[in-house]
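This is a predicted model, so every value here is computed, not measured. In what follows, every heavy atom counts, from backbone to side chain, and hydrogens, waters and symmetry copies are set aside. Throughout, protein chains are lettered first and strands after them, A, B, ... in sequence-line order, and every chain is numbered starting at 1.
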2 protein chains.
Amino acid sequence: MQRMTKQRQAVFTELARLPDFRSAQQIFDALKSQGEKVGLATVYRNLQTLSEDERVDVLRSHDGEFLYRLCETPHHHHHLVCRTCGTAEEIEQEAIETWVAEVSASHGFTEVEHSMELFGLCANCAKIKQ
Amino acid sequence: MQRMTKQRQAVFTELARLPDFRSAQQIFDALKSQGEKVGLATVYRNLQTLSEDERVDVLRSHDGEFLYRLCETPHHHHHLVCRTCGTAEEIEQEAIETWVAEVSASHGFTEVEHSMELFGLCANCAKIKQ
DNA sequence: TTATCTGCAAACATTTTGCAGCGAG
DNA sequence: CTCGCTGCAAAATGTTTGCAGATAA
């Protein structure tokens with residue numbers, strides 16, 4: 001099935017090291033500067049595998065990059081991401097889910113999936129900024 | 001200031017022709033097959049200008065393309081987009097807006113902007129499909 | 001006239017893929 | 001030993017940019 005190679009291990013460890021969203025590039029750079037020998041393509045491939053297995057959350061940043069981070073909760077959820085430092089908090093809202101279901105039904109849509117991400121400025125960065 | 005060229009006119013007309021979300025490529029192809037002589041870069045440049053002026057809605061499709069369409073309502077709103085045919089319906093919901101405001105505040109975040117798009121299968125496409 | 005716009009092609013950034021060799025199980 | 005994984009480099013995608021010539025006002 002799946003093999004645990006040094007590279008996969010390294011990617012996983014790096015993801016575990018900081019609980020924020022990172023791009024594949026950032027992870028690649030971090031590993032490189034730690035002396036790990038990992039190719040960029042390998043980072044992408046592992047992130048893809050991990051996201052297929054639903055071990056990481058994937059979201060798309062404002063300028064179109066994929067960002068990854070370890071899932072904390074296994075079920076569906078959304079994030080409140082700091083634009084500046086990348087800190088992310090999971091927000092739980094079944095209210096949204098039911099609302100989505102209602103809206104979809106009332107418009108005759110099926111198989112609806114929703115993406116919702118909140119990007120803002122966290123309390124800490126707001127303080128630093130001003 | 002801004003000049004109304006044949007090309008800008010063409011892009012605008014094409015956007016007006018169908019009220020669905022289109023990619024720059026699709027608009028480019030449509031214009032080309034109508035015999036219009038417009039470059040792809042020009043389409044992009046005009047779409048960018050239009051979105052800066054808030055004359056078009058921009059959203060990102062599931063696989064990372066920008067999609068454009070004329071704004072119908074000037075204020076903030078979301079969309080329910082058909083994955084298959086691209087039909088989009090605007091959905092208004094201040095419920096969401098207030099919810100976002102609450103969540104943001106409770107996490108100490110400021111300047112929060114949210115993106116939320118629903119992608120599904122519209123009634124018509126669902127019928128065709130089965 | 002003249003600043004803006006256009007077309008083209010080349011540049012970009014991010015992600016994916018092909019392939020020969022490596023290595024975990 | 002095998003089949004999945006890796007590195008590299010090349011390809012693919014979608015978008016942007018530089019520049020010389022065209023054009024709206």
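- Side-chain N/O atoms of B/Tyr44 include none lying less than 4.0 angstrom from OP1 or OP2 on D/dT16.
- Note: NZ (A/Lys6) to C1' (D/dT6) measures 11 Å, nearest angstrom.
- Ranked by how close their nearest DNA chain D nucleotide is to the 5' end, B/Thr5 and B/Ala41 are led by B/Ala41.
- Going from atom CE of A/Met4 over to atom C1' of D/dT6 covers 15 Å, rounded to whole Å.
- Residue A/Gln25 is out of contact with every strand shown, counting any heavy-atom pair closer than 4.0 Å.
- When heavy atoms are screened at a 4.0 angstrom cut-off, B/Lys37 is found touching the sugar-phosphate backbone but no base atom.
- A donor atom on one side chain and an acceptor atom on the other are not found under 3.5 Å apart for B/Glu36 and B/Gln7.
- Residue B/Gln2 is in sugar-phosphate contact alone, with no base atom involved, counting any heavy-atom pair closer than 4.0 Å across all strands shown.
- Atom-to-atom, CZ of A/Arg8 to C1' of D/dT6 comes out at 11 Å; the value is rounded to the nearest Å.
- B/Arg8 places a side-chain N or O within donor-acceptor distance of the main-chain N or O of B/Arg3, the cut-off being under 3.5 Å.
- Rounded to an integer number of Å, the gap from CZ of A/Phe66 to P of D/dT13 is 15 Å.
- The neighbour count for A/Arg60 CZ, taken as heavy atoms of other residues, nucleotides or ligands under 6.0 Å away, is above 12.
- Rounded to an integer number of Å, the gap from B/Asn46 CG to D/dT15 P is 15 Å.
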task = Begin from the C-alpha positions of B/Tyr68 and B/Asn46 and carry the test side-chain contact (heavy atoms from CB on, under 4.5 Å) through to its verdict.
result = CA-CA 11 Å; B/Tyr68 307 85; B/Asn46 281 321; over 6 Å; no
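- Proximity of a side-chain donor or acceptor of A/Gln26 to a complementary backbone N or O of A/Ser23 within less than 3.5 Å is detected.
- Along DNA chain D, the nucleotide nearest to B/Leu40 and the one nearest to B/Arg3 differ in position, and the one closer to the 5' end is contacted by B/Leu40.
- Contact footprint of chain A on DNA chain C: nucleotides with an atom under 4.0 Å from a non-hydrogen protein atom, first to last in 5' to 3' order, C/dT14 to C/dG25.
- Judged by distance alone, the side chain of A/Thr42 and the main-chain N or O of A/Val38 form no donor-acceptor pair under 3.5 Å.
- Using a 30° and 60° split on the angle between ring planes, B/Phe109 and B/His107 fall in the perpendicular class, above 60°.
- What separates CZ of B/Arg60 from C1' of D/dT13 is a distance of 13 Å, to the nearest Å.
- Computed from coordinates, the A/Gln48 CD to D/dG4 C1' distance equals 15 Å when rounded to whole Å.
- Taking the nucleotide of DNA chain C with the nearest heavy atom to each of A/Arg45 and A/Ala24, the more 5' of the two is matched to A/Ala24.
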